[in-house]
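What follows is one structure encoded as structure tokens, with my remarks underneath.
A, B, ... follow the sequence lines: proteins, then strands. Residue 1 opens every chain.
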Amino acid sequence: MIKLENLTKQYGKLLAVDSLDLEVPAGQLFGFLGPNGAGKTTTIRMMAGLLKPTAGEIYIDGISVLREPEKAKRICGFIPDRPFVYGKLTGTEFLRFCGGLYGVTASELEPAIAALTRLFHMDDYAGELIESYSHGMKQRLVMAAALIHRPRAIIVDEPMVGLDPRGAKLVKRIFRELCGNGITVFMSIHTLEIAEEMCDRIGIIQQGRLVAVGTMAELKEQIGGADGRLESIFFKLTGDEDMQEVISALRL
Amino acid sequence: MLPYTSLFYPGPAQLVNRLRRGGRRGAARALVIGLMGVAFWAAVFAGFYRVLRYFNGVPVFGSFLAAKLLGMALLTFFSILIFSTVIAAISSFFMSEELQLLVASPYDSDELYFVKLCETVLTSSWMVLLFSLPVFVAYGVVFEQGAAYYALMATGLIPGLLIAAVIGIAIALCLVTTFPAQRLKDVLFLFTLFLVIGLYVLFRTLKPERLVDPEAFFTVIDYLTSLEAPTSAYLPSQWLSDILGVYLFGHDAAHLVFNVLLLWSSAAALVVLLNLLFNRIFFSAWSRAQESRPVRATMSAVFDRLIRLVTRPFSGRMRAVIDKDFRTFFRDTAQWSQLFLLCAIIGIYLYNFSVLPLDKSPIPTRQLRSIFSFLNMGLAGFVISAVAVRFAYPAVSLEGLSFWIIRSSPMGLRGLLWCKFWVSFVFLALLSVILTVCSNYFLRVEPSMMIVSTATVLLMTFGLTSLSIGFGAMYPRFRYDNVAQIPSGYGGLMYMMCSVLFVGAVVVLEALPVHLLVTSALQGRQPDGFDWIRIAASFSLIMALCAAVFVLPMRAGLRRLEEMETL
């Protein structure tokens, strides 16, 4: 469903993403991990059509994001890490606007808005202006908006930031159900426990290069780690020397 | 380490980094803005220099008029400064992002006050100070003053600025304790706008042109009464005016030292008093400014239906964007309130044409009406370009940080730009027709002139809309506090320069055909074959120019947006 071929992004002298090759089949929840500045958000923003790659290709369901962006975006939903939305619209109006952008017909739109408002527990505040929403409320709204046109693939950047435990649990359940319905979720995440718990496959990116990819079992087999947990695998791949230094410094 | 280094550090450091990051492009921008600033500065100086030279040549009343003008100018600067400080203080004391960090840290209240005071004084007063300097320099030059005058001016100006800023900050502190900060900004913005509109309308209805027409007044007393300006011994602007008057107009020097000391001691006392007020109420005011409450959307069912009706002719995606733009426009005080300014501009514009004393001119009325109608095309073009910089230029930037929604959607940037173009064009075209048809009606021009000028202004509107949307896309400003900030940068300046050149070029190109048509109409004959060739050539050039201005900026804007990777 999602295919990245030799995907490269260079900012001046900095190589943010270096020849990334990756394939995510339909109905899979793929977790994209890496330390800060590894190239996760750059990759995701290229996939969402927000950044132009220096080289390489991105395919969503066989459609090139670079050559046929409008066609590819029609079957894709994007959830950014920071939910900047129009503060002067109400939640319902925002969902209606997004539905319009993705060409959802009027007869489908209103039932979809009602269903998503209920699903994300937004009934109480959907009629209020977004400017008065908390970060978590905006995050839920953006997630609902990404689903309004029934996408076949969803690209998510840090979905759990700003969500309370109830919201996080809800999102985990929704994403799993979406995958159960054949929708592909490509998700960058920092919380290793959640990635371990939720994802079918995990890819770890370090300095722009994909250093490991596979299921938890495959990663354990390939990399090992002290206790076979994702945390140990992650630190082994990304270097835990820095972490030790930080811990010593904090003790001082 | 200096006592205030820690809190003072971020501001200058950020400024230095911004200048460093600007590179060659940033330097070019700074140069253009600097040159425009110098030009404006020189224009203010030249204007005051001419007026003061004229006053200086008037026996008996000359220095009196100059002193009156100085008092009025100082009072105006002082009032503007207080008002701009209130707005700047709400931002710097309550809304700036770094405050979260500062208030959470073990900050020293006096230190925070001092840093914020300096920041507010600088941000609110630099522009008033910069553009008031040519006024003072013009006084110095006309009244042949030396270094002592300028030294005295600086001695008086610094405490004057400080007093105005302290009063402004105190008002802001008290207001925020009572009202929510975000709403307060809206209210103040609205108030400023109405104040500007009121002053504009008042100034026009006072008919300042009468001042140069001695027949309009019966006596000298009438004339002087018309120049009456409020003065009070308690106004700091008056103290400063009295200080400068000693050198400029040879006023009594007995109170010079007293006035200087009065200014400095008042400034010092107010700074200390404000510190006490700040320590007493800042935290509770700041805490209140953080509170937000649920806001229900205020949009009546009628208005909702109206939006649906307006957006009906458009296709799905375009309709979604236009619907969203309408709703956000009418819910944002900073945006819809500008419509009042627009109404005032149209009103005054048409009023000016209705009171033109055409019959008093030595030129035959018919010819004069055609000349005015011709000039009106240029004037209407300038008004439309000024309105476009307020309403059409910010259209792309208004997407703000939510721009990712459009970019990640199948809408496409081309679709977005055309959507913004057509909405702006319909609005500006309506305005251009109102301005041209109504002013031509007041001028009672020939029908042929009415058609030519309306068609020309509509053509110009096409070009001006494209220029404003195109430049807005080339220089978007997605991070802004207020919509009025969007056109105030380099892009807005470039747009204004290009639009003025465009309108000027159209008017120049149209001069020949209008001249030929009007002359032949006045002579009661049809234009000959050669005339028609020249008319056709001029109109073809105008059409070509408008087509180029219609296509090129939109294309450049689209290219720039597509290349942009910052969001």
**Message:** Can you tell me how far apart CG (Asp323(B)) and CG (Leu89(A)) are? Round to the nearest 0.5 Å.
**Reply:** 8.0 Å
**Between Arg96(A), Lys52(A), His149(A), Arg82(A), the one whose heavy-atom pairs under 4.5 Å with chain B are most numerous** = Lys52(A)
**Message:** How close do Trp404(B) and Phe84(A) get, counting heavy atoms only, and between which atoms?
**Reply:** NE1-O, 2.8 Å
**Request:** Would you indicate whether the side-chain heavy atoms of Phe97(A) and Ile405(B) approach each other to under 4.5 Å?
**Result:** yes
**Item:** Heavy-atom side-chain contact between Ser409(B) and Lys73(A) under 4.5 Å
**Value:** no
**Request:** Please step through side chain to side chain contact (heavy atoms under 4.5 Å, CB included) for the pair Glu399(B) and Tyr86(A), ending with a clear verdict.
**Result:** CA-CA 8 Å; Glu399(B) 292 298 320; Tyr86(A) 306 100; 2.4 Å; yes
**Request:** Can you tell which part of Glu563(B) gets under 4.5 Å to a heavy atom of chain A, answering side chain, backbone, both or neither?
**Result:** neither
**Complete:** Closest non-hydrogen contact found for Leu50(A) with Arg407(B) is CD2-CB, 3.3 Å
**Message:** Assess the residue pair Val321(B) and Leu101(A) against the criterion (side chain to side chain contact (heavy atoms under 4.5 Å, CB included)); give the C-alpha distance rounded to whole Å, side-chain angles, the decisive distance to 0.1 Å, and a yes or no.
**Reply:** CA-CA 8 Å; Val321(B) 174; Leu101(A) 281 185; 3.9 Å; yes
**Request:** Go through the atoms of Cys98(A) and report whether side chain, backbone, both or neither lie under 4.5 Å from a heavy atom of chain B.
**Result:** side chain
**Distance, nearest 0.5 Å, that separates CD1 of Ile79(A) from OG of Ser408(B)** = 10.5 Å
**Message:** Working to the nearest 0.5 angstrom, can you tell me the gap between Leu51(A) CG and Met564(B) CE?
**Reply:** 10.5 Å
**Message:** I'd like to know whether Glu93(A) forms a salt bridge (charged side-chain N to carboxylate O under 4.0 Å, His left out) with Arg331(B), so could you lay out the CA-CA distance, the side-chain angles of the two residues, the decisive distance to 0.1 Å, and finally the verdict.
**Reply:** CA-CA 13 Å; Glu93(A) 287 167 352; Arg331(B) 282 179 188 152; 2.6 Å; yes
**Prompt:** What are the two closest heavy atoms between Lys88(A) and Asp332(B), and how far apart are they?
**Reply:** CE-CA, 4.1 Å
**Asked** For Gln206(A), does the CD atom have more than 12 heavy-atom neighbours from other residues, nucleotides or ligands under 6.0 Å away?
**Response** yes
**Item:** Which portion of Tyr133(A) sits near chain B, non-hydrogen atoms under 4.5 angstrom
**Value:** neither
**Asked** So what's closer than 4.5 Å to chain B heavy atoms on Val104(A): side chain, backbone, both or neither?
**Response** neither
